[in-house]
Amino acid sequence: MRIDIITLFPDMVQVPLGQSMIGRAQEKNLVNIQVHQLRDWAEGKWQVVDDTVYGGGQGMLLQCEPLFNAVADLKSKNETSSDSYVVLMTPQGRVFKQQIAVDLGKHEHLIIICGHYEGVDYRVVEELVDLELSIGDYVLTNGAIAATVIVDAVVRLLPEVLGNEQSSVEESFSNPGLLEAPAYTKPAIFRGLEVPSVLLSGDHAKISAWRKEQAVKRTKKNRPDLTQD
Ligand code: ADE
């Protein structure tokens, strides 16, 4: 899979995605992530990429020209461009969920545009963008961190990216409607705080029942919106 990210702040994306499992996935060529400076597609001495809003209103919008040129270039450079899927990071988008990460992982080529200022000229959305995506109901200064979140969630699901130490099979959100049960590690007693004895019992049926019960309890407490009752 290849992922091209277009942003005014490449370091905000490049540095975090160079770490840990996503960094190792790139070293192992399991994914090819390229981060691009939008200004590289802007004309003129000052490489301006934004302008004021028609009809009035605050702030500046990213203009069509650099984004149209960037997307056309990146599509043409990719051999599998027939499956280039273009995502725009914006607080006006659909809210990101695990299932969207699964679906995005099926594409051979993602192009992710990071919005900035008050947004982008809407002709970009109409002509270039397949999916407008938000990471939640809050406004960030730009889409770079949001794009980083998306790429992390997508890439960790790709084959061979997660080592044996971590599994994406039995986790919250792969199991819609239920969060994961609490988990503990050594020591069994820390400052008088004991690990629930059932987890030390070796009785797998009992452990499994306890985890199910705790998962329901935790979901009701932290995410009542996920439970039906
Ligand atoms: N840009 C600014 N805020 C955002 C958000 N919540 N999600 C995606 N992109 C954004």
Side-chain angles (χ1 to χ4, degrees), residues 1-18 22 33-78 81 83-155 225:
M1 177 182 218
R2 177 179 166 115
I3 305 177
D4 286 299
I5 303 166
I6 305 166
T7 173
L8 285 168
F9 305 100
D11 286 351
M12 287 181 81
V13 181
Q14 196 111 48
V15 174
L17 291 178
I22 310 302
I33 302 173
Q34 299 294 327
V35 185
H36 308 274
Q37 168 57 259
L38 175 62
R39 287 191 202 285
D40 290 347
W41 284 278
E43 311 257 298
K45 188 176 170 201
W46 305 108
Q47 296 183 296
V48 174
V49 291
D50 60 320
D51 212 326
T52 53
V53 185
Y54 276 125
Q58 283 206 323
M60 307 284 270
L61 296 182
L62 292 181
Q63 291 171 291
C64 287
E65 179 91 35
L67 284 168
F68 272 67
N69 289 340
V71 170
D73 247 13
L74 294 172
K75 278 188 176 178
S76 74
K77 275 193 191 122
N78 186 58
S81 61
D83 187 38
S84 297
Y85 191 75
V86 180
V87 178
L88 171 69
M89 301 316 304
T90 165
Q92 273 73 47
R94 266 176 69 189
V95 177
F96 189 56
K97 293 272 180 341
Q98 188 67 16
Q99 187 55 48
I100 299 180
V102 173
D103 293 342
L104 289 177
K106 293 174 186 156
H107 294 278
E108 287 178 54
H109 183 211
L110 293 180
I111 297 176
I112 305 181
I113 301 171
C114 302
H116 191 48
Y117 308 116
E118 298 307 306
V120 305
D121 186 307
Y122 199 66
R123 288 168 289 191
V124 170
V125 177
E126 289 174 315
E127 294 296 316
L128 302 180
V129 171
D130 295 301
L131 178 68
E132 295 175 87
L133 210 48
S134 162
I135 60 163
D137 292 338
Y138 39 79
V139 182
L140 304 166
T141 52
N142 68 83
I145 288 173
T148 306
V149 169
I150 303 305
V151 172
D152 188 289
V154 170
V155 171
D225 55 305

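Everything quoted here is computed from the prediction, not taken from an experiment.
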Closest approach of L88 to G115 (non-hydrogen atoms, all atoms of both residues): CD1-N, 4.3 Å
Neighbour count >12 (heavy atoms, 6.0 Å) for atom CZ, R39: yes
Tell me, do V13 and V151 make a side-chain contact under 4.5 Å, heavy atoms counted? no
One pair to check against side chain to side chain contact (heavy atoms under 4.5 Å, CB included): I135 and L140. What are the steps and the verdict? CA-CA 10 Å; I135 60 163; L140 304 166; 3.9 Å; yes
Assess whether atom CD of Q58 is packed by more than 12 heavy atoms of other residues, nucleotides or ligands within 6.0 Å. no
Just how far is it from atom CD of Q98 to atom CG of D103, taken to the nearest 0.5 Å? 10.5 Å
What are the two closest non-hydrogen atoms of G105 and M1, and how far apart are they? CA-CE, 4.0 Å
Could you go through Q34 and L74, starting from their C-alpha distance and side-chain angles, then the distance that decides it, and tell me whether this counts as side chain to side chain contact (heavy atoms under 4.5 Å, CB included)? CA-CA 10 Å; Q34 299 294 327; L74 294 172; over 6 Å; no
side-chain contact (heavy atoms from CB on, under 4.5 Å) partner of T148, chosen from L17, T7, I112, I22: L17
Tell me whether H116 contacts the main-chain N or O of L61 through its side chain, where contact means a donor paired with an acceptor under 3.5 Å. no
For residues A144 and F9, report the shortest heavy-atom separation together with the two atoms involved. CB-O, 4.4 Å
About how many Å separate CG of L133 and CD of Q92, when rounded to the nearest 0.5 Å? 12.5 Å
So which heavy atom on V86 is nearest to which on L128, and how close? CB-O, 3.2 Å
Nearest 0.5 Å please: distance from the CD1 atom of I145 over to the CE atom of M12. 3.5 Å
Which heavy atom of D40 sits nearest a heavy atom of Q47, and at what distance? CA-NE2, 4.2 Å
When rounded to the nearest 0.5 angstrom, what is the spacing between CD1 in I111 and CD1 in I3? 11.5 Å
Backbone N/O of M60 and side chain of D50: donor-acceptor pair under 3.5 Å: no
With sequence neighbours left out, write down each residue that passes ring-ring contact (aromatic ring centres under 6.0 Å, His included) with Y85, or none if nothing qualifies. H107
Show, in sequence, the C-alpha distance, side-chain angles and deciding distance for N142 and L8, and conclude whether the side chain to side chain contact (heavy atoms under 4.5 Å, CB included) test is met. CA-CA 9 Å; N142 68 83; L8 285 168; over 6 Å; no
Spatial distance of atom OG1 (T90) from atom CD1 (I113) [nearest 0.5 Å]: 11.0 Å
Residue pair I6 / V71, side-chain heavy-atom distance below 4.5 Å: yes
To the nearest 0.5 Å, what is the distance between CG (L62) and SG (C114)? 10.0 Å
Between I150 and V87, is any pair of side-chain heavy atoms under 4.5 Å apart? no
Under the side chain to side chain contact (heavy atoms under 4.5 Å, CB included) rule, what do D121 and Q63 come out as? Steps first, then yes or no, please. CA-CA 6 Å; D121 186 307; Q63 291 171 291; 5.9 Å; no
Below 4.5 Å, heavy atoms only, C-beta onward: do I100 and R94 meet side chain to side chain? yes
Heavy-atom pair of closest approach, residues V124 and C64: CG2-CA, 4.1 Å
